[in-house]
Amino acid sequence: MKKDLVKILQGSLKSLGISPCPQIEIEIPREESFGDASTPVAMGLAKSLKKAPRKIAEEIVASIKDKNIFEKIEIAGPGFINFRFTRGYLYSSLINLLSSPKSFLREDIGNGKKVLVEFISANPTGPLHIGHARGAAVGNALCNLLEEMGFNVMREYYINDAGRQIRLLGMSVYAKYQQLLGKETEFPEDGYKGQYIDEEASALFSQKKEKYKDIPFKDCEKEITEWIYNRMMELIRNDISYFAIRDFSSWISEKQLYEKGEVTAAIEALKNKGFIYEKEGAIWFRSSDFVDDKDRVVVKSDGEFTYFASDIAYHKDKLDRGFDIIIDIWGADHHGYIPRIESVMKAFGYDSSRFRVILVQMVNLLKHGEPFQMSKRAGNFVTLSEVVNLVGADNAKFIFLTRKSDSHLDFDIDVVTATSAENPVYYVQYANARINSIFANAKEKGIDINTLENTDLSALSNTEELDLIKKLLAYPMVLEGAARAYEPHRITFYLQELAGIFHSYYHKHKVITDDIEATKARLALCEGVKIVLSDALTILGVTAPEKM
RNA sequence: GCGCCUGUAGCUCAGACGGAUAGAGCAACUGCCUUCUAAGCAGUGGGUCAGGGGUUCGAAUCCCUUCAGGCGCGCCA
């Protein structure tokens, strides 16, 4: 729909001698009387052409050559051009959707551009929690979306396996293990205290028995941290797959960045560019030359690298791999890091408009409107797997995607588990299940549902049917907007609207009747709805059950 | 103190690059299962878009400012 309109308008503007051709916006007016689609393009041109917008609109309309897909074109308000499509156009569009869904629904805006999306990237020191779950849902959906829109997407998880934290984890397990063996051992001050640590210590014992009994930590540190690291990574991978997040295409280890000398090399590279200096025994990066408000230490005066140093190396590594667009998905509590990483990107000469951090806000877990603390299984936080057990993966993902990622989210267990309209995921899935049920019914009656794309649709004539078709035609625009803005939540809202129109239609009109022509036309419409519902749900990473 | 995010109906939130009379769900109230799934549908009420100023043909949207909430400001990770 948008494609067709833009093409027509471009031709029109060209014949009027307007160049360069401005970006042509198409919107779906919320008011039915304003037509099926609308463009404000004349208003945008008013300034540069020094003419009244309505006058320009008139000229544009007059110069449209091919008017046969329109029932009506009107100029309204301050200068909108409103289009009303003929039924014939709607029918043939629906046929196109049925016969080749992918090419009809997809606007290739990616052109194979290489995109890197890094998300979750939780420290391998424990199970994933509810905050990670939101980032996972957003990252997964965004990757799916971009991939569908023609980008070449790489999904990446960065593992902070080099620092103090992983060592602390090892120490915590070691201490618990010694305690199991009846040896009084001091538990590290900032050690990990979750119950999972106890379990890991028991597992260590049942696997290695008394191997480390009288061995001081420093002598078995390497073995134990490696052991627990592998266990934690397995735990995280399991959590990810339990949440039905698509596999990552790459896992980058911080430790390996050090081992391959990338950290030193990255700092060296910055030094060669003159962005590194020494002060008070430490090594600094001149981030304040760019967008940061102060310079940042990369090597401490005791000779240790800071966490930021490996981040520099990691982002340089991303740049070196030649991505056109680099997206980091972070918890909102890390927003203070954006300027320094942006500074790094700029220091390496990367156009920072191609780097984007998406912040995912905190999740407030509630039950019955009250803050909800779950079992202390993993210390003080709620784990992802517990959430999945409680509310289901589809449910949780959908809820996470019903907000823009940078707004706070109240996640109320009662609301989320309610099997009612309070719960949008069921509402949408239910529409799909109903359609399946209609098809099952049709099949039983011996109606051929395999060749619906050859159906004569002229029986589709009531408002609800035409509205449904128009809504389907708007779907590619939603996808495009969501992809350009990196906002998968727009799809969620669209889905609720589409499902709403369908439910209403379903209730008002019976699909299968004695009128075989009308029945087939309506089945074709249902097929269109089904295609779009399942397409969108798939992008969001949510299943579309056949039956509910 | 500085920076970032948020503030839209009683509640939870949408609002597309500045566009037309500001939207949805829930909650409240009224109806609808002999008919393809009632996890559904139809209807009613509900607003100073936090307040104030500015930019322009036009502002919930952009700029300034005040207020409220959250987060971040380390040679921590």
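Keep in mind that what you see is a predicted model, and the values were worked out from it rather than measured. We name chains A, B, ... by the order of the sequence lines, and we start the count at 1 in each one. Atom set for the values below is all heavy atoms of this structure, side chains included, hydrogens, waters and symmetry mates excluded.
- Remark: B:U61 base-pairs with no nucleotide; criterion is Watson-Crick or G-U wobble with both hydrogen-bond distances under 3.5 Å.
- B:G72: Watson-Crick or G-U partner is B:C2, with both key distances under 3.5 Å.
- Side-chain N/O atoms of A:E254 and A:Y314 include no donor and acceptor closer than 3.5 Å.
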Between the protein and nucleotides 6-16 of chain B, are there any N/O to N/O pairs under 3.5 Å, and if so, what are the atom names and distances?
| from | atom 1 | to | atom 2 | distance (Å) |
| --- | --- | --- | --- | --- |
| B:U12 | O2' | A:R403 | NH1 | 2.9 |
| B:U12 | O2' | A:R403 | NH2 | 3.4 |
| B:C13 | OP1 | A:H408 | O | 3.0 |
| B:C13 | O5' | A:R403 | NH1 | 3.2 |
| B:A14 | OP1 | A:K404 | N | 2.8 |
| B:A14 | OP1 | A:S407 | OG | 3.0 |
| B:G15 | OP1 | A:H489 | NE2 | 3.1 |
| B:A16 | N6 | A:I28 | O | 3.2 |

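- For the pair A:R434 and B:A38, the criterion of a side-chain N or O lying under 4.0 Å from OP1 or OP2 is met.
- Along RNA chain B, the nucleotide closest to A:H334 and the one closest to A:I81 are compared, and the more 5′ of them pairs with A:I81.
- Taking 90° from 0 as the syn/anti boundary, the base of B:C26 is oriented anti.
- Listed by chain and number, the residues in a side-chain contact (heavy atoms from CB on, under 4.5 Å) with A:A52 are A:K55 (sequence neighbours excluded).
- With RNA chain B read from its 5' end, the first of the two nearest nucleotides for A:E31 and A:S301 is the one closest to A:E31.
- Within the structure, every side-chain polar atom (N or O) of A:Y426 is placed at least 4.0 Å from both OP1 and OP2 of B:A39.
- With a glycosidic angle no more than 90° from 0, B:C33 adopts the syn conformation.
- Side-chain to base pairing of A:H507 with B:G40: one donor and one acceptor N or O lie within less than 3.5 Å of each other.
- Nucleotide B:C41 has B:G31 as its partner under the Watson-Crick or G-U criteria, with both atom distances under 3.5 Å.
- The base-pairing partner of B:A9, taking Watson-Crick or G-U wobble contacts with both distances under 3.5 Å, does not exist among the strands shown.
- Both the sub-6.0 Å distance and the 45° axial angle are not jointly satisfied by A:R356 relative to the ring of A:Y486.
- A:Y192 is linked by a ring pair (Phe, Tyr, Trp, His ring centres under 6.0 Å) to nothing, counting only residues two or more places apart in sequence or in another chain.
- With both pairing distances under 3.5 Å, B:U21 is matched to nothing as a Watson-Crick or G-U wobble pair.
- A salt bridge does not link A:E58 to A:R54: none of the charged side-chain nitrogens sits closer than 4.0 Å to a carboxylate oxygen.
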